[in-house]
Protein chains: 2
Amino acid sequence: MLKLSKLTDYAAVIMAQIARDPEQAHTAAELAARVSLPHPTVGKTLKMLSRSGLLESRRGSHGGYVLSRSPAEITASDIIAAIEGPIGMTECSHADGDCELMDTCGVADNWQRVSQAIRTLLDCVTLAHLAQSSPLKLPVQLPIQSVTLPSTTGAVREH
Amino acid sequence: MLKLSKLTDYAAVIMAQIARDPEQAHTAAELAARVSLPHPTVGKTLKMLSRSGLLESRRGSHGGYVLSRSPAEITASDIIAAIEGPIGMTECSHADGDCELMDTCGVADNWQRVSQAIRTLLDCVTLAHLAQSSPLKLPVQLPIQSVTLPSTTGAVREH
DNA sequence: CTATATAGGACCATTTTAGTCCTCTTTGCA
DNA sequence: TGCAAAGAGGACTAAAATGGTCCTATATAG
């Protein structure tokens, strides 16, 4: 499924909420209510986002969370990485992994390129994009079909 | 991590093996040896690939598996979907999902577009690409930076 | 008829994930 | 100065997904 974990999903929703009202500090309780999710869970998510430097927190009464950068400077990659760690499709895709199948694998290199492409794609999607409702137009949608891939007879196949 | 499951990983490696010698039928035992993975696991993976129509199987002695189409006509999407089901980053990304957060979410639409972009990307990568060792050049790598995104001040951010 | 394959599914162990809770610290304000 | 409102950190548990094995049935070649 190549799916995000639930927490990552929550994180995106929460970040978008904050992004829509970036001036004020938001408490976990407030966000939990807005997003209809249990307080402890939202709290946990916020802590993770904060630890990764995507949010700044202020403790004590009148505390809460604020974005640490503008929504246009926070990417989908950032959010995903904050919750799930480095983005990569395979074990070996974030270096120094000691996959014992290296020899027999024969696929690693190209998987890594695919991983890289996905990362690049996610780097292009900002929180500002996610938060707004207007359609986000991604570069891969049409142009990709016309790009020349390294020839392997037939190559691109349309769906 | 946005990671493939181990089985999907195996599937890719196994498919690549077969693709490199597409004329012959390959048995689970043979492939297991080539790929240094336990026979039962390889068997299970092959069954899944076969059930999804990516491989044809022949039973009985001298049986085994063959690709059901040419390597250029089998995509990374196909392989992933065979093992993990439909590709999508979020619950709601493959329609009819009844996510109760629909209202409060406000992010769904754009996530779906991102999912779609990834799908498209994976549709462009064929088994032929994966199996060969020469570098696969994907369209998103450089061009994306120069593409105009729907304006949200600043938009693309480089890493 | 027998040896060699796959088909299908049951089953279990392990890991990952989600979610909760408790205690400690910081901060604003009466 | 003391209290209430917040976050920080981490321990813990329950549930689900994953990986892996095994068993029985079926097909096929010789």
Side-chain angles (χ1 to χ4, degrees), chain A residues 1-14 18 24-33 35-68 80 82-85 89-91 99-101, chain B residues 1-14 18 24-33 35-68 80 82-85 89-91 99-101:
Chain A
M1 248 283 267
L2 209 65
K3 196 168 46 180
L4 299 177
S5 80
K6 280 197 193 183
L7 285 191
T8 309
D9 213 342
Y10 299 165
V13 176
I14 293 169
I18 300 178
Q24 271 178 267
H26 301 268
T27 70
E30 176 217 320
L31 290 166
V35 154
S36 333
L37 248 27
H39 182 164
T41 302
V42 172
K44 185 182 191 173
T45 308
L46 287 165
K47 281 181 229 171
M48 293 198 248
L49 290 166
S50 167
R51 253 177 267 170
S52 312
L54 266 41
L55 294 175
E56 311 260 276
S57 64
R58 198 165 56 240
R59 296 200 195 184
S61 83
H62 298 117
Y65 296 89
V66 214
L67 297 182
S68 62
I80 297 174
I83 311 289
E84 314 193 4
M89 300 180 58
T90 53
E91 248 355 293
C99 170
E100 339 84 42
L101 300 178
Chain B
M1 247 281 266
L2 208 66
K3 195 167 47 177
L4 299 177
S5 81
K6 280 197 192 183
L7 284 192
T8 308
D9 213 341
Y10 299 165
V13 176
I14 293 169
I18 300 179
Q24 271 177 268
H26 301 268
T27 69
E30 177 217 320
L31 291 165
V35 155
S36 335
L37 247 28
H39 182 164
T41 303
V42 172
K44 185 181 190 173
T45 309
L46 286 165
K47 281 181 230 173
M48 292 197 250
L49 291 166
S50 166
R51 251 177 269 169
S52 310
L54 266 40
L55 294 176
E56 312 259 275
S57 65
R58 200 166 55 240
R59 296 200 192 182
S61 83
H62 298 115
Y65 296 90
V66 214
L67 297 181
S68 63
I80 297 173
I83 310 290
E84 313 193 4
M89 300 180 59
T90 53
E91 249 354 293
C99 170
E100 340 83 45
L101 300 178

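Below, each value reflects all heavy atoms present in this structure, side chains not excepted, and no hydrogens, waters or symmetry copies. Numbers restart at 1 for each chain; the letters A, B, ... are given by sequence-line order, proteins then strands.
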Just how far, in rounded Å, is [atom2] of [N] from [atom1] of [X]?
X: A/Leu4; N: C/dA18; atom1: CG; atom2: P; result: 10 Å
X: A/Leu49; N: D/dG7; atom1: CG; atom2: P; result: 13 Å
X: B/Glu56; N: D/dT28; atom1: CD; atom2: P; result: 13 Å
X: B/Ile83; N: D/dG20; atom1: CD1; atom2: P; result: 13 Å
X: A/Leu37; N: C/dT20; atom1: CG; atom2: C1'; result: 14 Å
X: B/Leu31; N: C/dT6; atom1: CG; atom2: C1'; result: 13 Å
X: A/Arg58; N: C/dG28; atom1: CZ; atom2: P; result: 7 Å
X: A/Met48; N: C/dT16; atom1: CE; atom2: C1'; result: 13 Å

With sugar-phosphate meaning primed atoms plus P, OP1 and OP2, does [X] contact a base, only sugar-phosphate, or nothing at under 4.0 Å between heavy atoms?
X: B/Leu46; result: nothing
X: A/Gly64; result: sugar-phosphate
X: B/Lys47; result: base
X: A/Ala28; result: sugar-phosphate

**Request:** Go through B/Thr41 and B/Lys6 one step at a time and tell me if the side-chain contact (heavy atoms from CB on, under 4.5 Å) criterion holds.
**Result:** CA-CA 11 Å; B/Thr41 303; B/Lys6 280 197 192 183; over 6 Å; no
**Item:** Pairwise 5' ranking along DNA chain D for A/His39 and A/Lys3, keeping only the more 5' one
**Value:**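 Nearer the 5' end of the strand: A/His39.
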Look up atom [atom1] in [X] and atom [atom2] in [Y], then write down how far apart they are to the nearest 0.5 Å.
X: B/His26; Y: B/Leu31; atom1: NE2; atom2: CG; answer: 6.5 Å
X: A/Ser57; Y: A/Leu49; atom1: OG; atom2: CG; answer: 11.5 Å
X: B/Asp9; Y: A/Met89; atom1: CG; atom2: CE; answer: 9.0 Å

Please state whether the phosphate of [N], meaning OP1 or OP2, lies under 4.0 angstrom from any side-chain nitrogen or oxygen of [X].
X: A/Tyr10; N: C/dG19; answer: yes
X: B/Ser50; N: C/dT6; answer: no
X: A/Tyr65; N: D/dA8; answer: yes
X: B/Ser57; N: C/dA5; answer: no

From the set [options], return the single nucleotide nearest to any side-chain atom of [X].
X: B/Arg51; options: C/dG8, D/dG7, D/dG19; value: C/dG8
X: A/Arg59; options: C/dC29, D/dG7, D/dA29; value: D/dG7
X: A/Ser5; options: D/dT21, C/dA18, C/dT6; value: C/dA18

**Request:** Hey, which sits more toward the 5' end of DNA chain C by its nearest nucleotide, A/Lys44 or A/His62?
**Result:**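 The residue closer to the strand's 5' end, by nearest nucleotide, is A/Lys44.
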**Request:** Could you pick out which residue, A/Ser61 or A/Pro38, lies toward the 5' side of DNA chain C when each is mapped onto its nearest nucleotide?
**Result:**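 First, find each residue's nearest nucleotide; the 5'-ward one identifies A/Pro38.
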**Request:** Might you point out which heavy atoms bring B/Ser5 and B/Glu84 nearest each other, and give the distance in Å?
**Result:**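 Taking every non-hydrogen atom into account, N-OE2, 2.9 Å.
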**Message:** Please find the pair of heavy atoms, one from B/Ala28 and one from B/His39, that lie closest to each other, and give the distance.
**Reply:**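 Answer, listing the atom of B/Ala28 first, then B/His39: CB-NE2, 3.7 Å.
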